[in-house]
Peer 1: 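What follows is a single structure, and I will ask about it in a moment.
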Amino acid sequence: MTVPVINWHMLMPELVIVLTFVIVMVFDLFKSIRKSILAWVTIIGSAIALWASVEMLHAGVNGSQFNGMLAVDRFSMFFKIIFLVSTILVSLISINYLDRGDKRQGEYYVLILLATLGMMLMASGNELIVVFLGLELMSLSLYVLAGYFRSVQVSSEAGMKYLLLGAFASGFFLYGIALIYGGAGTTSIPEIASVLEDGEKSPLMLAGMFLLIVGFGFKVALVPFHQWAPDVYEGAPTTIAAFISAGPKAAGFAAFLRIFTSALESLQPEWIVVIVILAALTMTVGNVIATAQSNIKRMLAYSSVAHAGYVLVALAAANKDGISSAMLYLLVYCVMNIGAFAAVILATTEDGENLKISDYAGLGFRKPLLALFLSIMLVSLAGFPPTAGFVGKFYVFRSAVDAGHIWLVVIAAINTAISAFYYLRVVVVMYMQEPDEELEYHAYPGLLVFTLLLATIGVVLIGVLPSYFLGPAQISTQFF
Amino acid sequence: MSINLIVLLLISPLIGFLINGLFGKWLRNAEKLSGGIACFAVLISLICSVIVFTHVKDGVELNQRLYDWIAFESFGFSKAELGSAESPTPIFEWITGNFAFNIGFHVDSLTAVMLLIITGIGFLIHVYSIGYMHGDAGYTRYFAYLNLFVFAMLILVLADNYLMMFVGWEGVGLCSYLLIGFWYEKKSATDAGKKAFIVNRIGDFGFLLGMFTLFAAFGTLDFIPIFEQAEFFERAESTGSNLVFGGNTQFGASTLAVATLLLFVGAVGKSAQIPLYVWLPDAMEGPTPVSALIHAATMVTAGVYMVARSSVLFEIAGTGDVVAWIGVLTAVFAAIMALAANDIKRVLAYSTVSQLGYMFVGVGIGAYASGIFHLMTHAFFKGLMFLTAGSVMHALSNELDMRKMGGLRSKLPITHVTFLVGALAISGFPLLSGFWSKDEILHSAWEKGHPIIYVIGLVTAFLTAFYMFRLIFGTFYGKSRVDANVHPHESPPVMWVPLAILAIPSALIGLALLSWKGHDSAFHHFIGGAFVHHGEKAAHHADNVLLFMAISSIVGIAGIALAWVKYRDWTPLDQPRSAIHKLAAEKFYVDEIYNAVIVQPIKNASQFVLWRGVDVSIIDGIVNGVAFVVRTVGGSLRRFQTGVVQSYIVSMVIGIIIFLAYYLFIR
């Protein structure tokens, strides 16, 4: 094997993130540097990488690096934009959140950057091994982040559970890769596709494909592989819950989409049944259990499970429209979900976070700005026009109807109605119920309000001008 | 003409609205600033409109998309580049064909005239309002609404498709509601606002159905494709070939008739024609400049504009006669009610309804230029008269009843003169603007073979002159009947200067219609381009033109003379003398009839059947039942979430086994 010629320009977003990672690590060594500087370095580095990704998407890159192991195409660029937007938003909300107590901030941002790098590898991976590497890089960072508040029992419990279950699922994933290698004789995605096109459909391939579904199913929290999600979301620091619910989920779907609509395209008749069943199960179970939650973080956890189900509906469409609508949906979902978590962080009192839904009573009058932000995010999550949530759902459902999955869309629509119940319940509590006791709220931290403002602008902008965002997704459905 | 100009024209009042609307709290103590911002916003639009007008004069038209709801040209990607990428079908494909909502502008001479009217009169009324609303608690709110109204009205006339037009249509309806009920602590004002809104809903429903019909037939809502398809259809039909719109065999000529009539229902609501005119007289509860701008000059003419814009469809469908008949009947009916009204703003309101009827006659019989010209002259002189009425109210501490006026000529000289100009114009006094436009419509009616409409129109013209001068003599002449403790005074310059400016076009703009033998008049020449369908010829009635002018003049002057005889020294009666008079004074009991026949039955049905019966027991029962089931199921599913890792792994494994079993055994 010859040493590949590397075009470093093509790897610009990854390189920027790696460089930022090194800088944050070095800065962390100096005690004299204020810790919030680390956050700003992270944000600036991510912003530069974001800018590079947008430029590359705009320029229409389409190539590969490292002997075809990394695909540098528009598809991956679109997802990198999603990840970097999530990373920036999460870093913004972390500054105030971490200032409330914890002093060890260096590792926090280092781990976030590492997880982001892992996600980018997952989106670009054109080789099952690379995808696995990315997945592990991301997951290991997240295990640590979930248990980041070592002294808090629920936090370490969350980290531990996440690690145990995640390792279990990674085993399935790796086993699936091994079986596919056994069947196809290669782990390169385009090569697997060409082997399958030649009519080779060994049982090994089927079993491998199924185990990949299990592995991804765990990472993006599909029912019945979802049970880690509520516990981890509840126990992890709220910023990390927001992070786990956004970028990593999108990364899981990025690899999911690439592998299943490219490498395993010929097996579509085999996997589509499972996907449809999983989609229906995930939406229904996620939404129904969410109605019974009294803790807002758990409610958002189940809601995020249900949203993975909606994305799966787009995957079930299994065509260009399905892929582009899934991409748009994930972008929308990341922005609005991080926004919702940011609002939860904003709604804290002197004695910690305020997580029971009943605590939100009367917030509409005592904290009108906060209640407004949270309402916008919830309305968008419920999918009402003119917010981004509506647009995302509309295109997803539309693509599934076109592909003939009418019943799946009917189930999805019923689920949307169920979800409106628990999202709007919070709005009702905020605006129409009197509080039982007077809670002392923190003053608004400026950065959180700024982040929420960004998220709100994003949600409304995508909702009002969807084609500016759908257009890029539509031209990015071609894999290298 | 660049699209940026149009965007600036449109956006400027929106910005004014946002500033006054969002920062009103801080502007409250800076009345001058707030009013100034609003006026400045409209002034920018006015300047842009003038530029647009001069460009359109050169024959430049613009039909351009600003934003496609489903545009592929985003992030700077070009269409060609996208052609290489695989996206053959638009993703926003609705179930019945391709649906796309675009924001686009269609600017031609008709639009340009409307733009000038809206921004020109709008600007003067904004300035006037600075004085009129001085010291009102809701000052900034007022200007915010007024700017928003201008914005919505501009959307309405700039739209290049019916859907966007409908957005503006609803927007002006909303602003009208907000401004009629502006003094919301007054019950009569809020009632009037609600009445206007609800009556307009009926019309809007028709408009919506009309849009649906058009969409079903043509598969689009954009003006130009619809008009082109309709013309194509007409040509095909005339040659006997069996062609249908949009390849859809269910649609034929009758579809177009249905669609245009439904659209006209919308126009009837918005432009206050029989049977939906009832809201307009009540709408006078709003501040007087609002009545001038919205309920005389601009919004109520939206229906006329819409019919003129859709002229191709109305011509092909042959539904113009319906429009003309509704118009002329409304004209005479409203004029009769104006005879018996004593509230000066109500007289003007009925007069507006009546004049709108004339406009519909114009566009209905196919004399589009004349109809639009009357729209323009009416906007000037009726706007002027409302503002002078406002000036009278201002002088008399909000007195509106002309039985308590009289002899104001010496106290309010400027108001008197300007009002007189407006009244002469509307009465068709020779050489003033209303004379030309009204004569033109009536003449066209005769020429196009509608003698009955001509006669009714002539009677209405007589009545118009009569009630208008009844108003003049009752208010400004004779002995003073003003309360002793009210001291009339002329309005400040910020109010009377706009009056004086408006008086000039009210008197003189008719000259734009002057035509020499064989030559189109300036106005016809200008606006003719917008109505190319049947190639309307303006100079078609060169013969007998003097005879018709003479008849019109005599009728108008006769009305003025009769009013002089009866009212120059008026002693008002407490009770109407004759049964007819009483009937007219009680507005023919139309409101009472509507209330008894429509409103009460609906109220009862909704309260006892729909609310208590259907809603509470059936719908609420289902909703609560479903919610209960979902919560119960959710609550029990929740128990599986034990928090124990081992049980989570067990459930994962069970899931895996079930799916594997499916692959191994069931398939």
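A note on names: the letters A, B, ... follow the listed sequences, proteins ahead of strands, and every chain is numbered from 1.
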Peer 1: Other residues, nucleotides and ligands only: do more than 12 of their heavy atoms fall within 6.0 Å of CD on A/Gln153?
Peer 2: no
Peer 1: Counting heavy-atom pairs under 4.5 Å to chain A, which of B/Ile656, B/Val626, B/Ile658, B/Leu660 comes out on top?
Peer 2: B/Ile656
Peer 1: Counting only non-hydrogen atoms closer than 4.5 Å, does A/Val273 touch chain B with its backbone (N, CA, C, O), its side chain (CB onward), both, or neither?
Peer 2: side chain
Peer 1: Under a 4.5 Å cut-off applied to non-hydrogen side-chain atoms, are B/Val653 and A/Phe168 in contact?
Peer 2: yes
Peer 1: With the side chain counted from C-beta on, respond yes when B/Tyr648 and A/Asp231 share a heavy-atom pair under 4.5 Å apart, and no when they do not.
Peer 2: yes
Peer 1: As an exercise: rank A/Phe210, A/Phe225, A/Phe172 by heavy-atom pairs under 4.5 Å with chain B and give me the winner.
Peer 2: A/Phe210
Peer 1: Report the distance from atom CD of A/Gln227 to atom CD1 of B/Ile649, rounding to the nearest 0.5 Å.
Peer 2: 10.5 Å
Peer 1: Is there a side-chain contact between A/Ile213 and B/Phe659 in this structure, where contact means two heavy atoms from C-beta onward sitting under 4.5 Å apart?
Peer 2: no
Peer 1: So which of A/Glu157, A/Lys161, A/Met160 has the biggest tally of heavy-atom pairs under 4.5 Å with chain B?
Peer 2: A/Lys161
Peer 1: So does B/Phe197 have more than 12 non-hydrogen atoms from other groups sitting under 6.0 Å from CZ?
Peer 2: yes
Peer 1: Is it the backbone or the side chain of A/Ile289 that comes under 4.5 Å from a heavy atom of chain B, or both, or neither?
Peer 2: both
Peer 1: If you take all heavy atoms of A/Ala169 and B/Met652, which pair is closest and at what distance?
Peer 2: CB-CE, 4.3 Å
Peer 1: Give the member of A/Phe218, A/Tyr302, A/Tyr422 that has the highest number of heavy-atom pairs under 4.5 Å with chain B.
Peer 2: A/Tyr302
Peer 1: Tell me the closest heavy-atom pair linking B/Gly655 and A/Pro224, and the distance in Å.
Peer 2: CA-CG, 3.8 Å
